[in-house]
There are 2 protein chains.
Amino acid sequence: MLFKAGDPFHAIYAIRSGCMKSVVTRKGGAEQVSGFYMVGELLGLDGMGRGRYDCSAIALEDTVVCVLPFPLLEQLAHERPSFQHRLYAVLSREISRNHNVMLLLGTMRAEERLAAFLLSLSSRFARRDHSPFEFALRMTREDIGSYLGLTLETISRLFGRFRNAGLLEIDQRKVRIRDHAGLKALLSEGGAPAD
Amino acid sequence: MLFKAGDPFHAIYAIRSGCMKSVVTRKGGAEQVSGFYMVGELLGLDGMGRGRYDCSAIALEDTVVCVLPFPLLEQLAHERPSFQHRLYAVLSREISRNHNVMLLLGTMRAEERLAAFLLSLSSRFARRDHSPFEFALRMTREDIGSYLGLTLETISRLFGRFRNAGLLEIDQRKVRIRDHAGLKALLSEGGAPAD
DNA sequence: CGAGATATTGACTAGGCTCAATTGAAGTGG
DNA sequence: CCACTTCAATTGAGCCTAGTCAATATCTCG
């Protein structure tokens, strides 16, 4: 665990290698995975508002992070307007990303959610010179379910269904996407027909 | 409509009077209300990442906003570090707020969602010297449902159930909270018992 | 090899959605 | 002023998706 919800905020973290998840906890004990982070992505952006992190960051494998002390970032931002601009953009993107998750949780059915999740992973791996069609999940079914607002059983069943439909191969955590277009098709269905 | 998803971003907006909603649209047509904004709150924070708004802002009644051109904000931030700090905090808070919505959409059942929504409204009105127990909703059942990831029928039924349980009175859009503690109790249930 | 996670699969249940009809409120024009 | 339209809200019946509970299988690691 890199930091815990409630810890005082003084830095954001950039992942140099490995993979992490962030978890928000509700008074009452219910938890939800609020994001998965891979190489090059930033954790802890939620902390600067209240001066405390409101989620916990947990490594999913051996992970190396780069500590970016917030006072230093603010100083750099002050000195270089272009850096200031970048930093605002990074925060704003996180908001956009959250909107997508809200859309997923609020409007999609289980199949669509998992398809969207896999496609998102796929494109993120692609941007990092990994194969977009073959990669290893670093998280458990339970983590995926929590992130997508589903149960681990549902995730497991969906993987089975996707395999039977010839959309992908899955062996434990190794995923191989066989029909990228087919996954995409699952997304648009239910909305307006593509015209 | 103040701005539309895809419009080029050049300003954020502060509400001076009235009430607005923001709506994200999915390729495929599905829409979701991503937030309700009242006096003093900021809209359009999601736009600075990509240079385009990714949601639309729609007034729910006659509304006056204050236009805050982003270049101006950046300049002010550069000149006054304390202002820069505030601006980062505002963005970060929006991320925290989104985490709460994700938690709501991902882990709560219908009753809990509506209770959480009403309590949130209540405390926001309180902070603005309105009564926290008596206020008028500015949005339709459909808007509420969309925001909470439920259908308008479910919202309507829940209002009925809450009324029968003596938790509140509701006449069209006028709400009167009769049992604040009772609403809160709906939230913690389902999680771990308070100990 | 054994213990404890993690995954898979089945049977059953229930919460919330869909479809549909009705009522109510607010606005429009003759 | 009142029919007429339109939009919003309520209510009911039935269904379906995903959750729950439970049993088993498989992995990982000490």
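A, B, ... follow the sequence lines: proteins, then strands. Residue 1 opens every chain.
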Discussion item. Just the rounded figure in Å: distance from P of dT6(C) to CG of Leu137(A).
Written reply: 14 Å
Worksheet item: How long is the line joining CE of Met139(A) and C1' of dA5(C), in whole Å?
Response: 17 Å
Fill in: Arg141(B) side chain near dA9(D) phosphate (N/O to OP1/OP2, under 4.0 Å)
yes
Worksheet item: Lys174(B) has an atom NZ; how far is it from atom C1' of dA8(D), in whole Å?
Response: 14 Å
Can you pull every protein N or O that's under 3.5 Å from an N or O on nucleotides 23-27 of chain C?
none

Item to complete: Remember a base hit wins even if backbone is also touched, and classify Arg113(B) as base, sugar-phosphate or nothing at under 4.0 Å, heavy atoms.
Response: nothing
Practice prompt. Select one nucleotide: of dA7(C), dG16(C), dT10(D), the one nearest the side-chain heavy atoms of Ala110(B).
Written response: dG16(C)
Discussion item. Measure CD1/Ile170(A) against P/dT6(C) and give the value in whole Å, please.
Written reply: 16 Å
Worksheet item: Do side-chain atoms of Ser123(A) reach the backbone of Ser120(A) as a donor and acceptor pair under 3.5 angstrom?
Response: yes
Practice prompt. Run the salt-bridge test on Arg97(B) and Glu41(B) with the 4.0 Å N-O cut-off and return the result as yes or no.
Written response: no
Worksheet item: Given atom CG of Asp143(A) and atom C1' of dA7(C), what is their separation to the nearest angstrom?
Response: 13 Å
Worksheet entry | Distance, rounded to the nearest Å, where Glu142(B) contributes CD and dA9(D) contributes P | 9 Å
Worksheet item: For residues 148-162 of chain B, which residues have at least one heavy atom under 4.0 Å from DNA chain C?
Response: Gly149(B), Leu150(B), Thr151(B), Glu153(B), Thr154(B), Arg157(B)
Practice prompt. Look at atom CG of Asp62(B) and say whether more than 12 heavy atoms of other residues, nucleotides or ligands are closer to it than 6.0 Å.
Written response: no
Worksheet item: Leu105(A) has an atom CG; how far is it from atom P of dT17(D), in whole Å?
Response: 20 Å
Item to complete: Over 60° means perpendicular and under 30° means parallel, so classify the ring planes of Tyr13(B) and Tyr53(B), tilted if in between.
Response: tilted
Practice prompt. May I ask you to verify if any side-chain N or O of Arg173(A) is less than 4.0 angstrom from the OP1 or OP2 atom of dA7(C)?
Written response: yes
Worksheet item: For the residue pair Phe133(A) and His180(A), does the interplanar ring angle fall in the parallel (under 30°), tilted (30 to 60°) or perpendicular (over 60°) class?
Response: perpendicular
Discussion item. Working note: Leu2(B) + Met20(B), criterion side-chain contact (heavy atoms from CB on, under 4.5 Å); need CA distance, chi angles, decisive distance, verdict.
Written reply: CA-CA 9 Å; Leu2(B) 182 58; Met20(B) 302 196 72; 3.7 Å; yes
